[in-house]
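Each remark here refers to the structure printed beneath this line.
First listed ligand is number 1; within each ligand, the first listed atom is number 1.
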Amino acid sequence: METVDAIVIGSGQGGVPLAVDLAKEGRKVVLFERDALGGSCINYGCTPSKAFLAAAHAVGRARQAENLGIRFQVDVNFSSVMERVRSIRDSFNQGTKKRLDAGVKVVCAEASFTDERTVTGGDVTVQANLVIINTGTSSLIPDLNGLAGTPYLTNRNFFDLQKLPPRLLVMGGGYIGLELGQGLARLGSETHIIVRGDRILDREETDVSETLAQALKEDGIKLHFNTKVEKVTHDDIFTLTLNNGEQLQGEALLVATGRKPNTNALNVAATGVELDEKGYIKIDDRFQTTCSGIYAIGDVAKQPAFTHVSWEDYRRLKAILCGENRTRNDRVLGYATYTEPQVGRVGMTLEQATQAGIKARAVTLPMNQIARAIEWGHKFGFYRMVVDEETDKILGATLVGYETAELVHVFLSLMEAKATWQLLEQSVHIHPTYGEALPSLARLFIGDDMPGCPNM
Ligand SMILES: Cc1cc2nc3c(=O)[nH]c(=O)nc-3n(C[C@H](O)[C@H](O)[C@H](O)COP(=O)(O)OP(=O)(O)OC[C@H]3O[C@@H](n4cnc5c(N)ncnc54)[C@H](O)[C@@H]3O)c2cc1C
């Protein structure tokens with residue numbers, strides 16, 4: 001058995017750059033990966049889903065151009081759409097391989113611990129004083145009558161689709177089901193989304209869910225709320241029997257009902273690494289598990305499950321390993337849902353701030369008061385900002401609308417700088433832009449009842 005300086009398990013968004021940096025410093029590093037190099041983001045998450053949505057939203061926008069007086073004849077070449085998606089995915093995957101060539105020994109096998117410092121995978125067993133777990137999550141498949149053994153889709157095989165399913169059934173109203181469901185609907189599938197609760201994106205505020213539901217309905221998507229699937233049968237087509245007795249049929253079924261941590265295969269019982277009740281790895285503020293020398297980063301450590309978080313975990317863990325006094329607690333985190341309209345989020349909602357004991361207040365600017373939205377013909381959405389009443393500091397923002405995943409970065413930077421809403425209010429933003437609506441939003445705190453652009 002070989003002794004090395006560091007072992008990385010999983011080639012996720014944090015594990016790869018950390019392995020590469022350590023190797024570049026001249027340390028002996030072994031990285032285990034049981035599937036495609038680059039993890040979920042590159043192979044079956046962000047990259048293919050956003051490349052796919054570029055095509056789907058192009059179709060949606062072409063159809064919506066009718067509101068501008070233009071009618072397009074839309075012709076979808078589904079196999080070209082998916083070929084493009086797969087070629088982008090493959091090129092990113094090759095990029096990861098090249099990066100790891102910088103001296104990391106890659107073992108293409110599932111890894112598990114045999115004791116606190118020893119990891120085995122394939123025919124390789126190594127020992128190190130430093131072990132980093134970056135094994136991510138995978139789809140949580142419900143234990144449903146008839147589902148097992150059917151050719152259902154998850155994010156794992158969705159991007160291998162060769163033909164556009166004429167009818168698509170989606171189980172789950174979270175962001176994966178909505179993004180992929182809206183995508184296929186826009187490309188031409190008759191789409192049903194089955195939601196257990198009474199709204200989609202139920203971690204967001206109610207009006208976010210409602211706005212998105214309206215937009216999805218306009219795309220022709222049928223939303224089934226408070227509905228459970230009781231039985232699945234498959235015989236060329238899927239038939240779902242719902243708890244209300246209704247039956248739905250489709251050529252494809254996408255299961256997007258949640259995620260589970262990839263910890264089963266790790267055999268953490270051989271170490272002192274503890275898991276929480278859902279199987280996520282418990283870590284302290286400095287990413288250390290309950291076993292000294294073993295760290296966990298990214299989704300598997302129950303960090304907010306996004307690529308930029310896993311990557312930032314790597315930067316912070318690297319600083320910690322270099323002796324710097326860093327933690328994972330002092331960062332401003334945002335995320336986005338890439339439906340149309342998009343949802344750009346950062347920080348706390350008013351309810352979250354109040355629950356945290358902060359005296360907070362919020363203002364909301366509807367889309368119909370934004371000049372740019374009227375000019376472009378975008379009707380769905382609103383901008384909201386939450387501030388601390390005592391310090392005036394910005395605590396959070398929710399932007400629902402066109403490309404808000406971009407715009408929300410204004411708030412990310414302001415919050416990183418611990419800015420007040422007055423700073424935003426004083427900024428002279430360019431007219432006519434969506435960006436100019438942000439000082440307008442801040443102006444609502446001074447009771448300006450015409451906060452929009454001067455022309456409205
Ligand atoms: C459909 C979809 C869309 C998404 N879109 C976005 C988005 O737009 N923006 C965003 O920020 N995030 C998005 N995400 C989330 C994002 O993909 C993850 O948060 C991100 O990949 C970070 O994951 P990670 O670094 O924790 O691990 P992962 O990227 O999940 O990588 C973990 C790796 O570990 C490997 N592994 C697991 N167990 C073992 C083992 N025992 N031995 C060896 N290898 C093992 C896995 O095969 C995998 O390659 C999306 C996810 C999905 C599913």
Step through the shown structure and confirm whether more than 12 heavy atoms of other residues, nucleotides or ligands are within 6.0 Å of [atom1] on [X].
X: Glu25; atom1: CD; value: yes
X: Asn264; atom1: CG; value: no
X: Asn129; atom1: CG; value: no
X: Lys302; atom1: NZ; value: yes
X: Arg196; atom1: CZ; value: no
X: Asn329; atom1: CG; value: yes

Run the numbers for me: atoms of ligand 1, each under 4.0 Å from some heavy atom of [X], listed by number.
X: Ser49; result: 3 (C)
X: Gly136; result: 26 (O), 27 (O), 30 (O), 32 (C)
X: Gly45; result: 1 (C), 2 (C), 3 (C), 4 (C), 51 (C), 52 (C)
X: Gly39; result: 29 (O), 31 (O), 48 (C), 49 (O)
X: Asp35; result: 47 (O)
X: Asn155; result: 1 (C), 53 (C)
X: Phe32; result: 43 (C), 44 (N)

Spacing of Leu253 atom CG and Tyr152 atom OH [to the nearest 0.5 Å]: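 One gets 9.0 Å once the value is rounded to the nearest 0.5 Å.
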Rounded to the nearest 0.5 Å, what's the gap from CG on Leu161 to CE on Met82? Could you check?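 Answer rounded to 0.5 Å: 5.0 Å.
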So for ligand 1, is [X] a polar contact partner (N or O within less than 3.5 Å, distance only)?
X: Ala111; value: yes
X: Gln13; value: yes
X: Ile297; value: no

Give a yes or no on whether a salt bridge exists between Glu190 and Arg167, defined as a side-chain N under 4.0 angstrom from a carboxylate O.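 Salt bridge: no.
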Carboxylate-amine/guanidinium contact Arg63 Asp219, below 4.0 Å: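 No.
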Looking at [atom], what's its closest protein heavy atom, distance included?
atom: atom 51 (C) of ligand 1; result: Tyr175 OH, 3.3 Å
atom: atom 15 (C) of ligand 1; result: Ala305 O, 3.5 Å
atom: atom 26 (O) of ligand 1; result: Asp299 N, 2.8 Å
atom: atom 47 (O) of ligand 1; result: Glu33 OE2, 2.6 Å
atom: atom 9 (N) of ligand 1; result: Cys46 SG, 3.8 Å
atom: atom 30 (O) of ligand 1; result: Ser40 OG, 2.5 Å
atom: atom 21 (O) of ligand 1; result: Cys41 N, 3.3 Å
atom: atom 31 (O) of ligand 1; result: Gly12 CA, 3.3 Å

Are any of the heavy atoms in [X] under 4.0 Å away from ligand 1?
X: Trp311; result: no
X: Ala109; result: yes
X: Tyr338; result: yes
X: Arg259; result: yes

Side chain, backbone, both or neither: the part of [X] lying under 4.0 Å from ligand 1 by heavy atom:
X: Asn134; value: both
X: Leu266; value: side chain
X: Ile176; value: side chain

Smallest separation among heavy atoms of Ala19 and Val104, with atom names: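 Closest approach of Ala19 to Val104: O-CG2, 3.5 Å.
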Is the ring pair Phe159/Phe52 parallel, tilted or perpendicular, if the boundaries are 30 and 60 degrees?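 Aromatic pair Phe159/Phe52 classed perpendicular.
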Angle between ring planes, Tyr335 versus Phe306, binned at 30° and 60°: parallel, tilted or perpendicular?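 Tyr335 vs Phe306 ring planes: parallel.
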From Arg34, Gln303, His308, Lys50 - option closest to atom 8 (O) of ligand 1 by heavy atom: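 The residue whose heavy atom sits nearest atom 8 (O) of ligand 1 is Lys50.
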With atom 25 (O) of ligand 1 as the reference point, say which of Ser310, Ala405, Gly298 has the nearest heavy atom.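 Minimum heavy-atom distance to atom 25 (O) of ligand 1 goes to Ser310.
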Determine, stepwise, if the pair Glu251 / Lys163 fulfils salt bridge (charged side-chain N to carboxylate O under 4.0 Å, His left out). CA-CA 10 Å; Glu251 285 70 24; Lys163 280 193 193 150; over 6 Å; no
Checking Arg372 against Glu403 for the salt bridge (charged side-chain N to carboxylate O under 4.0 Å, His left out) test, could you report, in this order, the C-alpha distance in whole Å, the side-chain angles of both residues, the deciding distance, and whether it holds? CA-CA 12 Å; Arg372 189 70 164 159; Glu403 296 289 346; over 6 Å; no
Is there a donor in the side chain of Asn155 and an acceptor in the side chain of Ser139, or the other way round, less than 3.5 Å apart?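 Yes - a donor-acceptor pair under 3.5 Å links their side chains.
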